[in-house]
Amino acid sequence: MLKFLSKVKIEFNALDTRTAACMEFLAQCNARTAKESNPSCQLLVKRRTDSHPPQISVTFVNGVEEVFDATSTPAQTIRKMILEKGLQLETEQMFREAGEKWPVIIPEEELHQSFPGTKPRKAEEKKQ
């Protein structure tokens, strides 16, 4: 997950009862495998003393920053969204390295072409 990020900032009040997602996400970021995936990713923890709601801010390697409300978003959901965005970034990078334009524009006439598809196997053919 960290390989797609350049910075992670976790803000929470330790006395707040809504910090579960922050603590879980912090544990995931501190895991050995996560740190090894991107040692240059900055992990900042800001312990607050006010009533500001817990939040997690992530900056992707392309500079885009996203802020998540950790009171209403579970850590696994945040992780899943980061991985999905990361896969999109990898795809974009592959196209750019291959000299292709991004985003890929599919001509309108190709969208309406029929597709023959694949022929489904019969149950007898699968057994062989």
Side-chain angles (χ1 to χ4, degrees):
M1 168 185 66
L2 291 183
K3 74 178 184 175
F4 304 118
L5 304 175
S6 61
K7 184 166 81 171
V8 176
K9 183 177 180 183
I10 302 173
E11 299 181 51
F12 63 93
N13 182 333
L15 301 175
D16 195 334
T17 57
R18 306 170 293 173
T19 62
C22 284
M23 299 306 270
E24 184 180 341
F25 194 78
L26 180 59
Q28 290 177 6
C29 290
N30 279 326
R32 182 180 50 82
T33 53
K35 285 184 173 182
E36 288 174 355
S37 71
N38 185 1
S40 64
C41 180
Q42 288 183 301
L43 179 59
L44 306 169
V45 178
K46 182 175 181 183
R47 290 176 179 83
R48 302 183 68 102
T49 57
D50 57 5
S51 61
H52 189 275
Q55 72 178 25
I56 299 170
S57 307
V58 296
T59 306
F60 289 90
V61 291
N62 65 350
V64 174
E65 184 177 349
E66 282 194 41
V67 179
F68 299 99
D69 177 12
T71 59
S72 60
T73 313
Q76 282 303 107
T77 303
I78 295 170
R79 183 177 189 275
K80 183 180 175 189
M81 292 181 349
I82 290 170
L83 291 173
E84 287 172 356
K85 177 83 171 179
L87 290 175
Q88 180 183 358
L89 289 172
E90 278 187 338
T91 304
E92 180 181 345
Q93 183 180 0
M94 286 187 334
F95 271 84
R96 291 188 191 275
E97 287 174 357
E100 298 292 331
K101 292 181 182 177
W102 185 264
V104 176
I105 310 273
I106 300 172
E108 186 71 28
E109 59 272 6
E110 288 185 23
L111 291 173
H112 301 292
Q113 289 179 349
S114 62
F115 179 70
T118 57
K119 186 177 179 182
R121 292 184 182 181
K122 295 180 182 174
E124 299 85 43
E125 291 176 7
K126 287 182 182 179
K127 291 179 183 177
Q128 295 175 353

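- For Val45, the side-chain contact (heavy atoms from CB on, under 4.5 Å) partners two or more places apart in sequence, or in a different chain, are Phe12, Leu26, Arg47.
- Here the closest non-hydrogen pair linking Cys29 and Lys35 is O-CG, 3.6 Å.
- Taking Ala70 as the reference, Ala21, Cys22, Pro54, Ile56 meet the side-chain contact (heavy atoms from CB on, under 4.5 Å) condition, with sequence neighbours excluded.
- A donor and an acceptor atom, one from each side chain of Glu97 and Gln93, are located under 3.5 Å apart.
- Looking only at side-chain heavy atoms (C-beta outward), Phe4 and Gln88 stay at 4.5 Å or farther from each other.
- By the rule that hydrophobic residues join a cluster once side-chain heavy atoms approach within less than 4.5 Å of another member, Phe25 and Met81 end up as members of one cluster.
- Salt bridge status for Glu65 with Lys9: absent, with no side-chain N to carboxylate O gap under 4.0 Å.
- With sequence neighbours excluded, no residue forms a side-chain contact (heavy atoms from CB on, under 4.5 Å) with Ala27.
- The heavy-atom pair separating Leu5 from Met1 by the smallest distance is CG-O, 3.9 Å.
- Expressed to the nearest 0.5 Å, how far CD of Gln55 lies from CD1 of Ile10 amounts to 11.0 Å.
- Contact annotation: the side chain of Phe68 never approaches that of Thr77 to less than 4.5 Å [non-hydrogen atoms, C-beta and beyond].
- Looking at heavy atoms from C-beta onward, Ile82 lies out of side-chain contact with Leu2 at the 4.5 angstrom threshold.
- There is a path of hydrophobic side-chain contacts, each under 4.5 Å, that joins Val61 to Leu83.
- Atom CG of Leu111 is surrounded by more than 12 heavy atoms from other residues, nucleotides or ligands within 6.0 Å.
- Here the OG1 atom belonging to Thr49 is positioned 7.0 Å from the CG atom belonging to Asn13, to the nearest 0.5 angstrom.
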Applying salt bridge (Lys or Arg N to Asp or Glu O under 4.0 Å) to Glu90 and Lys3, what does each step give before you reach the verdict?
CA-CA 11 Å; Glu90 278 187 338; Lys3 74 178 184 175; 3.5 Å; yes
